[in-house]
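Scroll down for the structure; my scribbles are underneath it.
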Amino acid sequence: MIKHLNTSCVFILDKKGSTRSLSLETFQKKRTLPKNYWVHINLSEKEGNKWLRDKADLDPEIFRLLSFTKHSRPRSLIEQNHLLLVLRTPNLAPRSEPDDLVFLRLWANESRLITTGTHPAIHFDSLEKQFNNKEGPKNIAELLITILDNVIMSTTNIVNDIEDKVDDLEEAIISKKAPLSAYDDLSEILRQVVGIRRYLVPEREAIWNLSHKKARWFDHALEEGISNSFYRIERLIEDLDLQERRVRINQDVLTAEATKKTQKNLYMLSILTGLFLPLSFLASLFGMNVGGIPFSTAKYGLLAIVGLMILVVLICLYFFKKLKWL
């Protein structure tokens, strides 16, 4: 099952909704090229890089853009009826972070599609089912729409997971059952939101550029699919903006509650200090080692001093109550 692409391979479209997959080595042995095919190149493999350099028959500038292994911002370009699109999509490798967006570069004309990357970035379990049922993309235009849908859906799933986490934390904060790590959890979510939004904004601009600069082989379905992709990314950015505001509001609530608790503790400490201040004075006064200290020789002198201290505490409490400090 093709759950994601993490190696160089070729898919030949039969224009009937199904496909035939080949290894890159087998594809290179074919004497004649098919009319509609998709080549995915893993740039970390030598064989894929060699094919891209020697067999892809690309303009040097296009080759440079497709073979560039470092991170790049999303962009799009249409020249001489060719399409170049650079996307950022969630890394489908196990245990990857939600904001680990890896690059996926696409180059296409009417008869072929080339995609390049260094990490698994396209999830295709549903696409394989479509191909098996002969309901998959029949040409390059439909294949582009499918890839855009998959990339945006992967990002949508990440954003939905973030929203669920914010919902859970917000509910815990409202019910006063937030864990001690709630503030740190919110900070981590905020970091992820900012990281994802950083690339979605230029990706939206790249898709917008495609919708206004069309190649001759663009059909109505592809144009509509590009427009839908633009609006879906627009909604994702709006959702991220909303989650960012919610995270900051909940952080403010936690900060306010922590400040309130601190102030309450300081207030109680001040009350206790006010109570013990006269007691400390009395204890120091009657503890002086000089002559003439009252009750120093009395049989019940200690009880008298304790009673005096209790009386002082009661008087302090009375005045604190009158002053509405308690």
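Count residues from 1 along the sequence. Here the structure is a predicted model, which means the values were calculated and not measured. All values below were derived from every heavy atom in this structure, side-chain atoms included, with hydrogens, water molecules and symmetry-related copies excluded.
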Which residue is it: L308, L303, I310? I am looking for the one with a side chain to side chain contact (heavy atoms under 4.5 Å, CB included) to V306. I310
When you measure from the side chain of H212 to the backbone of W208, do you find a donor-acceptor pair of N or O atoms at a distance under 3.5 Å? yes
So do the side chains of L240 and V194 get within less than 4.5 Å of each other, counting heavy atoms only? no
Measure from NZ or CZ of R105 to the centre of the six-membered ring of F103, then state whether that distance is under 6.0 Å and the direction lies within 45° of the axis. yes
Under 3.5 Å, side chain of S23 to main-chain N/O of T26, donor-acceptor pair present? yes
Could you tell me whether the side chain of S280 and the main chain of F276 form a donor-acceptor pair under 3.5 Å? yes
Measure across S187 and Q251 and return the closest heavy-atom pair with its distance rounded to 0.1 Å. OG-NE2, 3.0 Å
For atom CZ of F281, is the number of surrounding heavy atoms from other residues, nucleotides or ligands below 6.0 Å larger than 12? no
The test is side chain to side chain donor-acceptor pair (under 3.5 Å); show your working for S211 and E223 and say whether it passes. CA-CA 7 Å; S211 66; E223 293 175 3; over 6 Å; no
Hydrophobic cluster identity match, L279 and L302, side-chain contacts under 4.5 Å: no
Got a salt bridge between D149 and R232, using NZ or NE/NH1/NH2 to carboxylate O under 4.0 Å? yes
Does atom CZ of R191 have more than 12 heavy-atom neighbours, drawn from other residues, nucleotides or ligands, at distances under 6.0 Å? yes
For the OG1 atom of T118 and the CZ atom of F68, what is their distance to the nearest 0.5 Å? 11.0 Å
Go through D100 and S96 one step at a time and tell me if the side chain to side chain donor-acceptor pair (under 3.5 Å) criterion holds. CA-CA 7 Å; D100 181 16; S96 59; 5.0 Å; no
Taking all non-hydrogen atoms of both residues into account, name the closest pair between A178 and I173 and its distance. CB-CG1, 3.8 Å
Nearest heavy-atom neighbours spanning I207 and L87: CD1-CD2, 4.4 Å
Do other residues, nucleotides or ligands put more than 12 heavy atoms under 6.0 Å from the CG atom of L180? no
Near E234 CD, under 6.0 Å, is it more than 12 heavy atoms from other residues, nucleotides or ligands? yes
Keeping T19 on the side-chain end and I12 on the backbone end, is there a donor-acceptor pair under 3.5 Å? yes
Return the minimal non-hydrogen interatomic distance between L24 and G48, and the atom names on each side. CD2-CA, 3.7 Å
Nearest heavy atoms of P74 and Y199, plus distance in Å: CG-O, 3.5 Å
Under a 4.0 Å N-O cut-off, is there an ion pair linking E61 with R64? yes
Say you draw a straight line from CG of N228 to CD1 of I145; how long is it, rounded to the nearest 0.5 Å? 8.5 Å
Indicate yes or no for a side-chain donor-acceptor contact from N250 to the backbone of R246 under 3.5 Å, with no hydrogens or angles considered. yes
Would you check if W38 and C9 make a side-chain contact, meaning some heavy-atom pair closer than 4.5 Å? no
In the structure I gave you, are the side-chain heavy atoms of F11 and L143 within less than 4.5 Å of one another anywhere? no
Could you state the interatomic distance from CD (Q243) to CD (E238), rounded to the nearest 0.5 Å? 12.5 Å
Determine, stepwise, if the pair E47 / S8 fulfils side chain to side chain donor-acceptor pair (under 3.5 Å). CA-CA 8 Å; E47 182 183 3; S8 299; over 6 Å; no
Any donor-acceptor pair under 3.5 Å from E203 side chain to R88 backbone: yes
From E257 CD over to T262 OG1, what is the distance, rounded to the nearest 0.5 angstrom? 11.5 Å
Would you say that I114 contacts R112 through its side chain, given a criterion of any heavy-atom pair below 4.5 Å between the two side chains? yes
Judged by atom type as modelled, is there a donor-acceptor pair below 3.5 Å linking the side chain of N91 to the main-chain atoms of L101? no
Tell me whether the rings of Y37 and F27 are parallel (<30°), tilted (30 to 60°) or perpendicular (>60°). tilted
Taking the side chain as everything from C-beta on, heavy atoms only, tell me whether I233 gets closer than 4.5 Å to I152. yes
Flag, side chain of E224 to backbone of H220, donor-acceptor distance under 3.5 Å: no
Which pair of heavy atoms, one from I140 and one from A108, lies closest together, and at what distance? CG2-CB, 4.2 Å
Are L84 and L66 close enough that some pair of their side-chain heavy atoms sits under 4.5 Å apart? yes
